[in-house]
Amino acid sequence: MGRRCTAWWRARGWHGHRPSRHARVAVVAAVLGAATVLPGDAAFAGVTPGSYAFEAPGPYSFDEDARSVDGATGTTGADRLDVGTTYRSSLPQDGKLYYRLELDATSNVYVSVTAVPRAGTTVAPTDNLRVTLRDANSRPCSYETVGFGSRSPHPIAAWGARETHATGSSCQGTGTYYLLVERADRSDSSPGAWDLELAPVSEPRLRQTAETEAPEDWNSASPTPLLSEAEHREGGGGFTRATTLGQGVWRDDLRPGQTVFYKVPVDWGQQLYATAELGSSSGDGGLVAVALDMSLYNPVRARVDDVSVSYNGSQKSGTLDPLPPAAYANRYDHSDQVNGMRFAGSYYLVLHLAEQVGERFGDGPFELTLRTRVSGAAEAGPGYAGSAQPPNLFELTAQDREATNEGGSDRSGSGDATMAVVAVGGIGAGTVLLAVLGVWTLVARRRVGAW
C-alpha cells in the first residue's frame, strides 16, 4: 500500500492517509506492418549513458527526449533536476539515490518517479519504491511508498511534492531541495536494477487567494453505464505515449504481463468515471487474485485511485470509486481520491494484465473493454499568475478538445507526426526505409551528444 505525508497535514495532527481499498500495483524501428519501437526504448549500441547501459526494449516506453542522469549515493554531488524536463536513470538493488532541485519560493513542485523492473526480473507484493522530497536540512516535505500489489512485474510510480500552501511546513523558501529515491524490497525477488523515469514539474502561484477548504458536497453517485458499441483503441506503452480517449466505450487486446496507458482530458469542474472489463476465456485455470489492475494518475503522475479485478476465466469488471470534480481546492482534503483531483489536464488510466493470467489461461490476447465518462460543464480555472512547466500541463489544449470531441486518438506523442510524414504521398517502401533510418540516425546522434 502507498503512504504519503506532508508537513501541512502533520501540522493539523494527521499523519497518514486512508489506504486505498485495493493493493497498489503500478522514431520507428520497423515499418510497413512491423512492430513499432520508440528510440526511448531501444538500446543504442556502444553507448553507455552515465554509469549504466540501456536494456533492450522492455515493458515501458520511456520518454524519447528524456535526459540521462546519475543519482548520487549522498546529497553531495547530486545531479540537478530542472522542472519541465524528463530524466532517465537506474536504481540498483537495495540502493538509494539522491537528486537535487533548485526551487523558488512561490511554485508548487511535483516530482513523479516511475520505476520499471527490467525484462526477466521478478517482484513480490512487498517490493516497494519510496520517494521522499526534503529541504536542505533533511526535513521531509513529502514522502510516498508504492508497492506492486502482486508478483507480476510492471511499471509503478510514486511522487514527491513541495507545496507552498502547506501551512507550518519548513519547505517553503527559495533554495536547494533533495529528492531521495530508494527501493524497499522485502523479498527474494530478482536483484536486477529498476530503470527510472523522473518527471519534475511546477505549478505557478495564483493571482489571488482561492478557497482553502476542500469541497464537502459533490455528486458521488455512479452514472448510468455507457452502452455504445466498443471502438478499438490500442493503449500506449508509457506516460508520454498514452493514447488519448474521450467519453465512450473502447476495446483493446492485452497479453499477460502487458501494461497499457491511456489519458483522458478533464477540465475544471468535470468528473471522470472509468470501468475496466476483462473478457471471458475458454480455459479453466482456477483463480488469479489480482489479474487486472487499473490505476488512475493525475496530470503530475500522482496516483489518485486504483481497482483490481480477480479472474477465473469468466467476464469480470472493476470500477473506480466516484471522484469529485477537478478543483483547485481539492488539494486541502487528506484522501488520495479527493486530494489528487486538484488539477485540470490529462488524467492517466494505467492498466496491467498480470503474468499469472498467462500461466493459468494461456497467452491470449485477452479482450479489455474500457468505459470512460467525463461529466459536467467545464468551468473557469483558478487563475494562475504564470505558466506551468512544462506549459499547458494544467489546461486542455485545442488538440485535447479535438481528440475528446472525436472520441479519442489512436496514438499520441511525436511518433504520430513521424508516421504521418512517412505515410503521405504514396512513397515507395525503399524511400520509407531510408527516411526512417535517417531519422533514427539523427536522433541517435543527438542523444549521444546529450550524453
Side-chain angles (χ1 to χ4, degrees), residues 38-103 109-119 121 127-136 138 140-141 143-144 146 155-160 162 175-185 190-202 238-240 301 389-390 443-451:
L38 302 181
D41 299 327
F44 294 99
V47 177
T48 302
S51 60
Y52 65 96
F54 278 68
E55 293 289 313
Y60 183 79
S61 295
F62 287 88
D63 184 348
E64 62 185 34
D65 293 322
R67 298 180 183 177
S68 177
V69 63
D70 289 320
T73 56
T75 55
T76 302
D79 287 341
R80 173 174 169 169
L81 305 180
D82 294 325
V83 294
T85 301
T86 305
Y87 297 87
R88 187 167 174 180
S89 191
S90 179
L91 183 63
Q93 175 83 359
D94 298 326
K96 58 173 60 176
L97 297 176
Y98 289 86
Y99 306 87
R100 176 172 55 91
L101 298 103
E102 304 293 342
L103 305 183
V109 174
Y110 311 97
V111 188
S112 175
V113 180
T114 302
V116 185
R118 292 180 177 175
T121 60
D127 291 342
N128 296 311
L129 170 71
R130 181 178 299 138
V131 173
T132 308
L133 190 60
R134 299 175 176 175
D135 69 8
S138 296
C141 309
Y143 62 86
E144 183 178 42
V146 174
I156 57 174
W159 66 309
R162 193 290 299 268
T176 301
Y177 293 78
Y178 293 96
L179 182 75
L180 171 61
V181 181
E182 53 190 324
R183 290 170 63 161
D185 300 350
S190 300
W194 294 352
D195 290 319
L196 302 178
E197 185 172 80
L198 301 96
V201 303
S202 68
F239 281 108
T240 59
R301 309 185 190 180
Q389 291 298 328
V443 172
R445 287 176 179 171
R446 177 169 59 84
R447 288 179 171 279
V448 171
W451 292 335

(request) Verify, without hydrogens or angle tests, whether Arg88 (side chain) and Arg67 (backbone) share a donor-acceptor contact under 3.5 angstrom. (result) no
(message) Check whether Glu144 reaches the backbone of Trp159 with its side chain - one donor and one acceptor, N or O, closer than 3.5 Å.
(response) yes
(request) Output all residues satisfying side chain to side chain donor-acceptor pair (under 3.5 Å) with Thr86, sequence neighbours left out; order by chain, then residue number. (result) Asp63
(request) Using side chain to side chain donor-acceptor pair (under 3.5 Å) as the criterion, list what pairs up with Thr176, not counting sequence neighbours. (result) Glu102
Beyond-backbone contact of [X] with [Y], side-chain heavy atoms, under 4.5 angstrom:
X: Leu196; Y: Val181; answer: yes
X: Gln93; Y: Trp194; answer: no
X: Leu81; Y: Tyr87; answer: yes
X: Val83; Y: Thr85; answer: no

[X]: partners by side chain to side chain contact (heavy atoms under 4.5 Å, CB included), with sequence neighbours left out:
X: Asp135; result: Asn137, Arg139, Ser170, Cys171, Tyr177
X: Arg134; result: Tyr98, Thr132, Leu180
X: Thr73; result: none
X: Pro390; result: Val201, Leu393

(message) Please determine whether side chain to side chain contact (heavy atoms under 4.5 Å, CB included) holds for the pair Leu101 and Arg80, giving the CA-CA distance in whole Å, both sets of side-chain angles, and the decisive distance to 0.1 Å.
(response) CA-CA 6 Å; Leu101 298 103; Arg80 173 174 169 169; over 6 Å; no
To the nearest 0.5 Å, tell me how far [X] [atom1] sits from [Y] [atom2].
X: Asp79; Y: Arg100; atom1: CG; atom2: CZ; answer: 8.0 Å
X: Lys96; Y: Arg130; atom1: NZ; atom2: CZ; answer: 8.5 Å
X: Tyr110; Y: Arg301; atom1: OH; atom2: CZ; answer: 15.5 Å
X: Tyr99; Y: Leu179; atom1: OH; atom2: CG; answer: 8.0 Å
X: Arg183; Y: Leu91; atom1: CZ; atom2: CG; answer: 6.0 Å
X: Tyr178; Y: Thr76; atom1: OH; atom2: OG1; answer: 7.0 Å

(message) Do the side chains of Asp195 and Arg118 get close enough for a salt bridge, i.e. N-O under 4.0 angstrom?
(response) yes
Smallest separation among heavy atoms of [X] and [Y], with atom names:
X: Leu97; Y: Ser90; answer: CD1-O, 3.2 Å
X: Ser112; Y: Ala157; answer: OG-CB, 4.2 Å
X: Val146; Y: Ala158; answer: CG2-CB, 3.7 Å

(request) Run the numbers on Phe239 and Thr114 for side chain to side chain contact (heavy atoms under 4.5 Å, CB included), then give the verdict. (result) CA-CA 9 Å; Phe239 281 108; Thr114 302; 3.5 Å; yes
(message) Evaluate Leu198 against Ser89 for side chain to side chain contact (heavy atoms under 4.5 Å, CB included), listing each step before the verdict.
(response) CA-CA 8 Å; Leu198 301 96; Ser89 191; 3.9 Å; yes
